[in-house]
Amino acid sequence: MSKQFVDYILAQVTARNPGEVEFHQAVREVAESVAVVIDKNPAFAKGKVLERMVEPERQIMFRVPWMDDKGEVQINRGFRVQFSSAIGPYKGGLRFHPSVYLGIIKFLGFEQIFKNALTTTPIGGGKGGSDFDPKGKSDNEVMRFCQSFMGELFRHVGADTDVPAGDIGVGGREVGYMFGQYKKLTNSFTGVLTGKGLDFGGSLVRTEATGYGMVYFTTRMLEDRKTSWKGRTVVISGSGNVAIYGIQKCQQLGANVVACSDSNGYIVDEAGIDLDTVKRIKEVERGRIKEYVQAHPKAKYFEGCSGIWTVPCDVALPSATQNELDGEAAKILVKNGCIAVAEGANMPSTPEAVDIFHEAGVSFGPAKAANAGGVATSALEMSQNSMRLNWPFEEVDARLNQIMNAIYDQCVEAAEAYGMKGNLVAGANIAGFLKVAKAMQAQGLV
Ligand code: NDP
């Protein structure tokens with residue numbers, strides 16, 4: 001029955017969303033996990049709950065015209081997919097990257113439904129973005145693009161409707177420009193975006209949250225193996241927001257992070273990555289990771305990012321992009337003695353890689369659980385905005401830690417309840433699905 005059900009869902013999704021391979025991949029994983037739940041709950045089957053979930057409540061695509069510094073007109077495409085408002089306003093980041101198309105936004109938005117449900121906070125699922133590439137653009141070009149993007153998006157979002165945030169290519173600078181434009185167009189100062197600057201409604205810890213949260217989650221995975229971060233060798237891919245604060249927390253907890261990357265290549269520094277250098281290159285100068293070796297001549301730079309998984313480590317934290325860690329890479333990690341993998345990025349491991357980790361007994365923390373700390377802290381930002389209050393760093397960090405522990409517990413318990421003890425992928429999908437499914441049933445056929 002389970003396999004039949006997965007095949008039937010996949011056939012529908014593939015036919016209705018042709019060519020959107022990342023979306024199909026994300027749906028398959030969830031369907032495989034929750035088929036057993038639907039089997040045991042005929043009301044979910046009768047109410048076609050999963051069939052409804054895979055169809056976004058609303059999809060918006062729009063033109064984003066803007067003028068570059070040479071006075072030339074440029075045209076990009078904007079997206080916002082509002083997937084599910086069953087448990088709260090749509091919530092999910094905006095990605096600006098040339099690879100963005102509807103299928104990427106849909107995979108991210110679909111994942112977001114379950115991730116947000118796991119956070120214990122009342123937020124629905126959505127995602128958006130554009131095929132705009134911020135790399136190499138001046139601040140003025142980025143501002144003009146963001147203003148044009150918000151010139152359409154403002155109609156569809158709102159503090160109680162849909163609250164976007166950052167993702168790849170969208171950080172504090174972009175959120176600031178979009179917030180300014182939203183405020184001007186609506187003449188209202190509300191918490192419509194998260195990841196805002198600290199002077200205008202942002203929350204402390206939001207910048208650090210995804211990386212810190214991933215490490216808090218992995219702490220529980222290591223504790224279950226009766227071990228800790230102390231003295232562990234760690235490899236983290238990427239060198240953006242998630243990777244940087246993942247490195248920081250690993251180092252604070254006594255681990256040695258020896259490698260990180262960008263889309264061109266990776267660096268290995270056996271002495272331990274010097275985070276100040278990475279932050280200067282990536283956050284201040286918006287440069288390339290290969291510049292690291294100029295400041296640290298004993299470190300090595302390798303062209304091409306996939307080779308990072310050949311660097312021996314105890315813990316691997318893929319934190320760059322989807323499908324960056326394939327079956328071959330997983331085999332090498334296992335051979336080199338890796339004991340735990342937690343996903344900072346969204347869907348960075350291919351299905352083959354996940355199977356290899358499970359078979360080898362490597363502890364595996366899936367994205368929708370391990371990287372949920374970012375959106376959870378966004379929900380805390382929304383709470384603070386509603387109250388017109390700012391909580392201190394320690395308070396937000398403590399709440400984040402508590403939430404990551406609650407997510408871990410939900411994953412473990414759900415996996416065990418449905419006969420898949422230790423499988424955090426199944427646990428995350430089932431726990432997230434159950435919460436949203438029950439809310440959908442309670443609200444009738446809407
Ligand atoms: P950033 O834009 O800050 O950094 C992205 C990093 O990944 C950069 O080092 C970038 O390299 C690298 N990268 C991007 N695309 C590719 C690619 N195609 N191949 C190889 N490397 C690539 O993004 P974030 O750190 O915010 O996001 C990283 C991942 O984490 C994404 O999957 C995102 O969806 C996920 N995530 C982010 C959250 C957040 O709060 N920011 C929350 C939850 C998940 P380069 O500089 O060369 O482009």
Side-chain angles (χ1 to χ4, degrees), residues 22 25-26 28-30 32-33 92-93 95 104 107-116 118-119 127 167-168 209-222 224 234-247 249-250 257 259-261 305-306 308-309 313-327 329-330 333-334 338-358 360 362-376 403-404 407-408 410-412 415 422-429 431-432:
E22 297 85 359
Q25 183 181 336
R28 175 185 287 280
E29 188 207 276
V30 170
E32 283 174 350
S33 298
R95 176 176 293 191
I104 295 259
F107 116 66
L108 290 163
F110 184 69
E111 293 267 298
Q112 200 82 44
I113 305 173
F114 308 97
K115 178 188 310 195
N116 293 4
L118 286 171
T119 64
K127 198 84 188 187
D167 190 77
I168 290 177
T210 310
Y212 278 22
M214 164 178 70
V215 177
Y216 295 152
F217 189 89
T218 314
T219 301
R220 291 291 303 276
M221 291 163 53
L222 293 173
D224 273 356
V234 180
V235 166
I236 301 189
S237 62
S239 50
N241 174 266
V242 180
I244 284 176
Y245 294 96
I247 294 172
K249 187 49 79 178
C250 283
V257 184
C260 68
S261 62
C305 39
S306 58
I308 192 168
W309 308 119
C313 64
D314 301 310
V315 181
L317 302 170
S319 303
T321 195
Q322 63 274 357
N323 293 326
E324 55 164 311
L325 198 170
D326 62 11
L333 282 167
V334 169
C338 177
I339 58 166
V341 177
E343 297 185 318
N346 283 310
M347 209 168 74
S349 315
T350 63
E352 296 73 37
V354 178
D355 288 345
I356 288 164
F357 292 139
H358 279 151
V362 172
S363 302
F364 181 75
K368 55 174 83 67
N371 74 26
V375 75
I403 289 172
M404 296 315 295
I407 294 172
Y408 190 80
Q410 290 177 73
C411 295
V412 168
N423 183 337
L424 299 176
V425 175
N429 286 330

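A heavy-atom distance below 4.5 Å is not found between the side chains of Val315 and Cys250. With a 4.5 Å cut-off on side-chain heavy atoms, Arg95 and Thr321 count as touching. Inter-residue side-chain proximity for Met214 and Tyr245 is flagged as unmet; no heavy-atom pair is nearer than 4.5 Å. Counting only heavy atoms from C-beta outward, the side chains of Glu111 and Asn371 never approach each other to under 4.5 Å. Counting heavy atoms from C-beta on, the side chains of Lys368 and Glu29 come closer than 4.5 Å. Residues Glu324 and Trp309 form a side-chain contact, since some pair of their non-hydrogen atoms from C-beta on lies under 4.5 Å apart. Within the 4.5 Å cutoff, the side chain of Val412 has heavy atoms near those of the Leu424 side chain. No side-chain heavy atom of Val362 sits under 4.5 Å from any side-chain heavy atom of Leu333.
Under the side chain to side chain donor-acceptor pair (under 3.5 Å) rule, Asn346 has a single partner from Lys115, Gln112, Glu22, Gln322, which is Lys115.
Leu222 CG to Ser363 OG: the interatomic distance, rounded to the nearest 0.5 Å, is 7.0 Å. The distance from the CD1 atom of Ile308 to the OG atom of Ser237 is 5.5 Å, given to the nearest 0.5 Å. With rounding to the nearest 0.5 angstrom, the OH atom of Tyr408 is 10.5 Å from the OG1 atom of Thr219. The distance from the CD1 atom of Ile236 to the SG atom of Cys260 is 8.0 Å, given to the nearest 0.5 Å. Rounded to the nearest 0.5 Å, atoms CE (Met404) and CZ (Phe217) are 6.5 Å apart. Atom-to-atom distance recorded for Met347:CE and Ile104:CD1 is 7.5 Å, nearest 0.5 angstrom.
No side-chain donor-acceptor contact under 3.5 Å links Thr210 to the backbone of Gly373. Formation of a donor-acceptor pair under 3.5 Å by the Thr218 side chain with backbone atoms of Met221 is not found in this model.
The minimum heavy-atom distance between Gly344 and Ser319, with the atom names listed, is CA-OG, 3.7 Å. Taking all atoms of both residues into account, the shortest heavy-atom contact from Ala415 to Gly422 is CB-N, 4.4 Å. Annotation for Val215 and Gly246: closest pair CG2-O, 3.6 Å, computed over non-hydrogen atoms. Heavy atoms only, all atoms of each residue included: Ile168 and Ala320 are closest at CD1-O, 3.5 Å. Taking all atoms of both residues into account, the shortest heavy-atom contact from Gly432 to Leu118 is N-CD2, 3.8 Å. The minimum heavy-atom distance between Ser33 and Ala426, with the atom names listed, is OG-CA, 3.6 Å.
A parallel orientation is assigned to the rings of Phe364 and Phe357, their planes being inclined by less than 30° (bins at 30° and 60°).
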